[in-house]
Participant: 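Quick one: the structure is below, and I'll ask about it shortly.
Numbering of ligands and ligand atoms starts at 1, following listing order.
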Amino acid sequence: MTTTTPAIIVDEAKGPFRQGTVERRDLRPDDVRIAVAYAGICHSDIHQAREEWGEALFPMVPGHEIAGTVTEVGSDVTRFAVGDAVGVGCMVDSCGECEMCRSDHENFCEKGSVPTYNGENYDGEVAMGGYSQEIVVSERFTLRIPEGIPLDQAAPLLCAGVTTFTPLQRWVKGPEDKVAVVGMGGLGHMAVKIAAAMGTEVTVLSQTTSKEEDGKAFGATDYRATSEDSTWEDLEGSFDVIVCTVSADLPVDKYLGLLKPFGTFVNVGLPENAQSVHFGSLIMGDKTLTGSNIGGIKGTQEMLDFCAEHGIGATVEVIGADEVDRAYDDVVGSKVRYRYVIDVSTITPAG
Ligand code: NAP
Ligand code: ZN
């Protein structure tokens, strides 16, 4: 027995979206049923729906930035009740027993964590994501959205928020560190807000200065265009930490030149192609080049609580179910200000 819920579906790589329905399982004892209110559009949705990261599972319902309200709880659920504001991010299950799960890094589960979509549950069922009106998830992978963050602004925190909070929390030593954020889209604008809330001086490195006013309103003290030669000259050796959120090819060596000795370039953007680096760029200054993958469930809750404490939400543009194709093109064209969030109540399955 399952229930049917309206959803936004793509049937093939690069295909158009349509409005239809998908099935949700009946509640297991540890499950909660969530009425989804908003689902954010992450660039990772686009990479997967367009098969830029390799073969994907179709039909696909993307969406791993989910915010809504609990409507039903299973018999063993202890942490949530009907009416609670909750979120779901990039994972919906993990083994719960391995070293990584036990140390709150479910995203690196040895059995492989179950992604919210474009993957299979442990029982072989294909997971369907948040561009839908309802989702059923184990309470272990359900996050509490604190009071004070509206659901539309909360949804993007479940991926863009945690993906930038995790490396900032790990690599920024204190407010004295100078931080740069490369790319000010969905992830980048959250990185600016979070780094500023941590008390650091933040510089945005964007393709142009067209979003400078917004960057400064988000808390940046400086905003520079990577298209200008003077940016690279002026900022050489300036930063302790650079968080890079760019979804496209990147001149990595040039960015490493902007780090102070012992500085860290942490990449969260995941472009389609491999990038190259000259080891001299790391050796001259003992620099660290690293990556960061979302975050665990405990870290995601910490991020949500941090955002509530500092009055941070995502800056969003709410769209209807029939605008997803256009929104994808806008995100790829760096036109998003700063996260599209789908109001899933507008889904009207054909027929
Ligand atoms: P987004 O909203 O499209 O932002 C990406 C930004 O990169 C753009 O706003 C733009 O910033 C810059 N950019 C785009 N094309 C560029 C180009 N050709 N050259 C230079 N800069 C360019 O995307 P997002 O949702 O923030 O995601 C960013 C990346 O992170 C994606 O690859 C996504 O898959 C990845 N991601 C990784 C994780 C993880 O766990 N590591 C989690 C989520 C997402 P400006 O306009 O300011 O130049
Ligand atoms: Zn994402």
Participant: At a 4.0 Å threshold, what atoms of ligand 1 neighbour a non-hydrogen atom of Lys211?
Facilitator: 9 (O), 45 (P), 46 (O), 47 (O)
Participant: Of all the non-hydrogen atoms in the protein, which one sits nearest to atom 26 (O) of ligand 1, and at what distance?
Facilitator: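 It is Leu187 N, 2.8 Å.
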Participant: Would you call the rings of Phe165 and Phe306 parallel, tilted or perpendicular if under 30° counts as parallel and over 60° as perpendicular?
Facilitator: tilted
Participant: Should the proximity of Trp53 to ligand 1, defined as any heavy atom under 4.0 Å, be assigned to the side chain, the backbone, both, or neither?
Facilitator: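 Contact part for Trp53 vs ligand 1: side chain (C-beta onward).
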Participant: So is Gly188 polar-close to ligand 1, meaning N/O to N/O under 3.5 Å?
Facilitator: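 No - when backbone and side-chain N and O of Gly188 are compared with those of ligand 1, no distance drops under 3.5 Å.
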Participant: Using a heavy-atom cut-off of under 4.0 Å, does the side chain or the backbone of Thr163 touch ligand 1, or both, or neither?
Facilitator: side chain
Participant: At less than 4.0 angstrom from any non-hydrogen atom of Arg339, what atoms of ligand 1 do you find?
Facilitator: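 The list of qualifying atoms is 24 (P), 25 (O).
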Participant: Tell me whether Asp249 has any N or O atom under 3.5 angstrom from an N or O of ligand 1.
Facilitator: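 There is no such contact.
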Participant: May I ask you to identify the nearest protein heavy atom to atom 30 (O) of ligand 1, giving residue, atom name and distance to one decimal place in Å?
Facilitator: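 Protein heavy atom with the smallest distance to atom 30 (O) of ligand 1: Gly269 CA, 3.3 Å.
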Participant: Could you check atom 33 (C) of ligand 1 against the protein and tell me its nearest heavy-atom contact, residue, atom and distance included?
Facilitator: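 Checking every protein heavy atom, the shortest distance to atom 33 (C) of ligand 1 gives Ser44 OG, 3.4 Å.
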Participant: Enumerate the atoms of ligand 1 whose separation from the nearest heavy atom of Val331 is less than 4.0 angstrom.
Facilitator: 3 (O)
Participant: Side chain, backbone, both or neither: which part of His43 comes within less than 4.0 Å of ligand 1 when only heavy atoms are counted?
Facilitator: both
Participant: Say whether Tyr328 and ligand 1 are in contact under the criterion: heavy-atom distance to a ligand atom below 4.0 Å.
Facilitator: no
Participant: Could you pull out the atom name of the N/O/S atom in His64 that is nearest the Zn ion (ligand 2)?
Facilitator: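 In His64, the N, O or S atom with the shortest distance to the Zn ion (ligand 2) is NE2.
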Participant: If you measure only the distance, is there a donor-acceptor pair under 3.5 Å linking the side chains of Arg24 and Ser132?
Facilitator: yes
Participant: Which of parallel (below 30°), tilted (30 to 60°) and perpendicular (above 60°) describes Tyr131 and Tyr328?
Facilitator: perpendicular
Participant: List ligand 1 atoms under 4.0 Å from Gly183, heavy atoms only on the residue side.
Facilitator: 11 (O), 47 (O)
Participant: Suppose I only count heavy atoms of Gly185 and a 4.0 Å limit; which atoms of ligand 1 are within that range?
Facilitator: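 It comes down to these atoms of ligand 1: 2 (O), 4 (O), 9 (O).
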Participant: By number and element, which atoms of ligand 1 are closer than 4.0 Å to a non-hydrogen atom of Ile294?
Facilitator: 39 (C), 40 (O)
Participant: When you measure from atom 10 (C) of ligand 1 to every protein heavy atom, which one gives the shortest distance, and what is it?
Facilitator: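 Going by distance alone, atom 10 (C) of ligand 1 is nearest to Ser334 OG, 3.4 Å.
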Participant: Among Thr69, Asp26, Thr3, Thr71, which residue satisfies the side chain to side chain donor-acceptor pair (under 3.5 Å) criterion with Arg33?
Facilitator: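 Considering Thr69, Asp26, Thr3, Thr71, a side chain to side chain donor-acceptor pair (under 3.5 Å) with Arg33 is found only for Thr3.
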Participant: Report yes if some N/O of Leu205 lies less than 3.5 Å from some N/O of ligand 1; otherwise report no.
Facilitator: no
Participant: Just wondering, more than 12 heavy atoms not from Glu120 lying within 6.0 Å of its CD?
Facilitator: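 For Glu120, atom CD is crowded (more than 12 foreign heavy atoms under 6.0 Å).
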Participant: When you measure from atom 13 (N) of ligand 1 to every protein heavy atom, which one gives the shortest distance, and what is it?
Facilitator: Gln207 NE2, 3.5 Å
Participant: Measuring only between side-chain heavy atoms, which start at C-beta, is Pro6 closer than 4.5 Å to Pro349?
Facilitator: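 A side-chain contact exists here, since the closest heavy-atom pair is under 4.5 Å.
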Participant: I'd like to check Arg337 versus Lys211 (side-chain heavy atoms, cut-off strictly below 4.5 Å). Are they in contact?
Facilitator: yes
Participant: Please write down residue, atom name and distance for the protein heavy atom closest to atom 28 (C) of ligand 1.
Facilitator: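 The protein heavy atom lying closest is Thr245 O, 3.0 Å.
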Participant: I'd like to check whether Tyr338 has a polar contact with ligand 1, where a contact means an N/O of the residue lying under 3.5 Å from an N/O of the ligand.
Facilitator: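 In this structure, Tyr338 places no N or O atom under 3.5 Å from an N or O of ligand 1.
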Participant: Within 45° of the axis and under 6.0 Å from the centre of the six-membered ring of Tyr223, does NZ or CZ of Lys216 qualify?
Facilitator: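 Pair Lys216/Tyr223 does not count as cation-pi.
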Participant: Does one side chain, of Asp330 or Tyr340, offer a donor that lies under 3.5 Å from an acceptor on the other?
Facilitator: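 Note: Asp330 and Tyr340 side chains meet the donor-acceptor criterion.
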Participant: For Val246 and ligand 1, does the shortest N/O to N/O distance drop below 3.5 Å?
Facilitator: no
Participant: To the nearest 0.1 Å, how far is atom 35 (C) of ligand 1 from its closest protein heavy atom, and which atom is that?
Facilitator: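 Result for atom 35 (C) of ligand 1: Val268 O, 3.6 Å.
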Participant: What angle, to the nearest 10°, do the atoms SG (Cys42) and SG (Cys159) form about the Zn ion (ligand 2)?
Facilitator: 130°
Participant: Going through the checks in order, is the ring-ring contact (aromatic ring centres under 6.0 Å, His included) test met by Phe265 and Trp171?
Facilitator: CA-CA 9 Å; Phe265 182 93; Trp171 295 104; over 10 Å; no
Participant: Going by the atom numbers of ligand 1, which of them fall below 4.0 Å from some non-hydrogen atom of Ala248?
Facilitator: 15 (N), 16 (C), 17 (C), 18 (N)
Participant: With the side chain counted from C-beta on, respond yes when His64 and Asp45 share a heavy-atom pair under 4.5 Å apart, and no when they do not.
Facilitator: yes
Participant: Is it true that the NZ or CZ of Lys178 lies under 6.0 Å from the centre of Phe239's six-membered ring and within 45 degrees of the ring axis?
Facilitator: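 No, Lys178 does not sit over the ring of Phe239.
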Participant: Does Ser94 use its side chain to pair, donor to acceptor, with the backbone of Ser113 at less than 3.5 Å?
Facilitator: no
Participant: Under 4.5 Å between side-chain heavy atoms, hopping through other hydrophobics if needed: is there a path connecting Val318 to Ile66?
Facilitator: yes
Participant: To which protein heavy atom is atom 31 (C) of ligand 1 closest, and what is the distance rounded to 0.1 Å?
Facilitator: His47 NE2, 3.5 Å
Participant: With no hydrogens and no angle check, is any side-chain donor or acceptor of Thr209 less than 3.5 Å from a backbone partner on Ala225?
Facilitator: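 No; judged by distance alone, with no hydrogens or angles, the pair does not exist.
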Participant: For Ser206, counting its heavy atoms only, list the atoms of ligand 1 lying under 4.0 Å from any of them.
Facilitator: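 Listed by number with element, the hits are 45 (P), 46 (O), 47 (O), 48 (O).
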Participant: Below 4.0 Å, non-hydrogen atoms only: which portion of Cys159 touches ligand 1? Side chain, backbone, both or neither.
Facilitator: side chain
Participant: Measure the shortest side-chain to side-chain distance between Leu258 and Leu205 over non-hydrogen atoms and say whether it is less than 4.5 angstrom.
Facilitator: yes
